[in-house]
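In listed order, ligands and their atoms are each counted from 1.
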Amino acid sequence: MKRVAYPAAIQALVGELKRLPGIGPRSAERIALWMLQSRDARPLEVSRVIREVHESVRACPRCGFFTTEALCEICSDPARDAAQICVVEQATEILPLERTGVFRGRYHALGGRISPLDHVGPEDLRIEALVERIKAESPSEIILALGSDVEGEATANYLATLLRELPVAVTRLAQGLPAGGGLEHADELTLSRALAGRTAMKS
Ligand SMILES: [Zn+2]
């Protein structure tokens, strides 16, 4: 006898949900059936906001943070200190730094870090854009808030060497961040201490 399964449309929904981070096959099935059956479920609303976020949110052309405008909220705020640019690997690391409340400068997300094993070289990152920004905005300090793992170190050293000829100081966050990078997971106190205790790589 043929084994009965859910209709293909339900299987497709389960399949898509299963691909989401942290959602296993059983959770995917449970969510799909909840969407179909529950009075409280709002599957059309969910699909609408997913579409909206996909169509309207993009990377700020200057710093890489998320925005729905021409420039992000940070870059377009005249009260931010143009003298400091804090360089992070990913845009998702900007908000954890913001939450410390101690940094008033601007950011620059590289979009990753140099990692030969993953075939990521300097040309794959927003490094050229950083150099252009330094020339255009003339900040006095570049703060490298990169991971403390091998790739983060390699990226920091590459940048310090690259920026040697430019009239800008280069500092890095104090050690004490979680091993393997991951600024997103560092608590506010650790981050504000790391910012306050930053050390010079180049003056
Ligand atoms: Zn921006």
Side-chain angles (χ1 to χ4, degrees), residues 21 49-115 118 120-148 151-152 154-163 165-174 177-178 181-188 190-196 198 201-202:
V49 295
I50 290 174
R51 177 179 289 270
E52 189 174 299
V53 90
H54 181 72
E55 285 170 355
S56 65
V57 178
R58 56 205 173 98
C60 171
R62 190 176 292 168
C63 75
F65 189 55
F66 306 99
T67 185
T68 54
E69 310 294 329
L71 283 178
C72 76
E73 199 182 326
I74 300 169
C75 287
S76 53
D77 182 354
R80 303 291 301 214
D81 186 358
Q84 290 181 321
I85 296 178
C86 180
V87 177
V88 293
E89 290 173 14
Q90 301 292 353
T92 47
E93 292 161 345
I94 291 177
L95 276 189
L97 286 161
E98 277 296 284
R99 290 195 190 108
T100 66
V102 297
F103 182 67
R104 297 300 304 155
R106 293 185 172 145
Y107 296 92
H108 190 90
L110 295 175
R113 64 251 183 100
I114 297 172
S115 175
D118 301 313
V120 179
E123 66 285 353
D124 300 311
L125 305 174
R126 297 182 65 244
I127 290 178
E128 188 58 41
L130 175 64
V131 173
E132 293 307 314
R133 270 188 82 181
I134 294 171
K135 288 175 180 166
E137 298 173 30
S138 307
S140 55
E141 180 182 1
I142 299 297
I143 301 167
L144 302 180
L146 305 173
S148 53
E151 291 87 359
T155 309
N157 289 328
Y158 178 87
L159 288 174
T161 307
L162 181 73
L163 303 179
E165 305 303 324
L166 293 174
V168 64
V170 180
T171 61
R172 66 193 309 180
L173 291 194
L177 290 176
L183 278 190
E184 290 145 274
H185 306 298
D187 63 88
E188 287 162 32
T190 306
L191 279 179
S192 44
R193 279 185 184 149
L195 266 168
R198 61 189 188 274
M201 288 189 86
K202 165 200 173 287

S.K.: Taking distance alone, no hydrogens or angles, what donor-acceptor pairs closer than 3.5 Å link side-chain atoms of residues 50-59 to residues at least two apart or in another chain?
M.R.:
unit_1	atom_1	unit_2	atom_2	d
Glu52	OE1	Arg48	NH1	2.8
Ser56	OG	Glu52	O	2.7
Arg58	NH2	Glu69	O	3.1

S.K.: For Asp124, give me all partners under side-chain contact (heavy atoms from CB on, under 4.5 Å), at least two apart in sequence or on another chain.
M.R.: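 Counting only residues at least two positions away or on another chain, Asp124 forms a side-chain contact (heavy atoms from CB on, under 4.5 Å) with Val120.
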S.K.: Can you check whether Arg126's main-chain N or O pairs, donor with acceptor, with His108's side chain at less than 3.5 Å?
M.R.: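 Present.
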S.K.: Using only atom types and a distance under 3.5 Å, with no angle test, would you say the side chain of Arg62 pairs donor to acceptor with the backbone of Cys72?
M.R.: no
S.K.: Which of the protein's N, O or S atoms come within less than 2.8 Å of the Zn ion (ligand 1), not counting waters?
M.R.: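 Metal shell, protein only: Cys60 SG, Cys63 SG, Cys72 SG, Cys75 SG.
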S.K.: Residues in side-chain contact (heavy atoms from CB on, under 4.5 Å) with Glu98, at least two apart?
M.R.: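 For Glu98 the side-chain contact (heavy atoms from CB on, under 4.5 Å) partners, ignoring immediate neighbours, are Ile74, Arg80, Ile94, Leu95, Tyr107.
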S.K.: Does a side-chain N-to-carboxylate-O contact under 4.0 Å join Glu89 and Arg113?
M.R.: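 Looking at Arg113 together with Glu89, the answer is yes, because their closest N to O distance falls below 4.0 Å.
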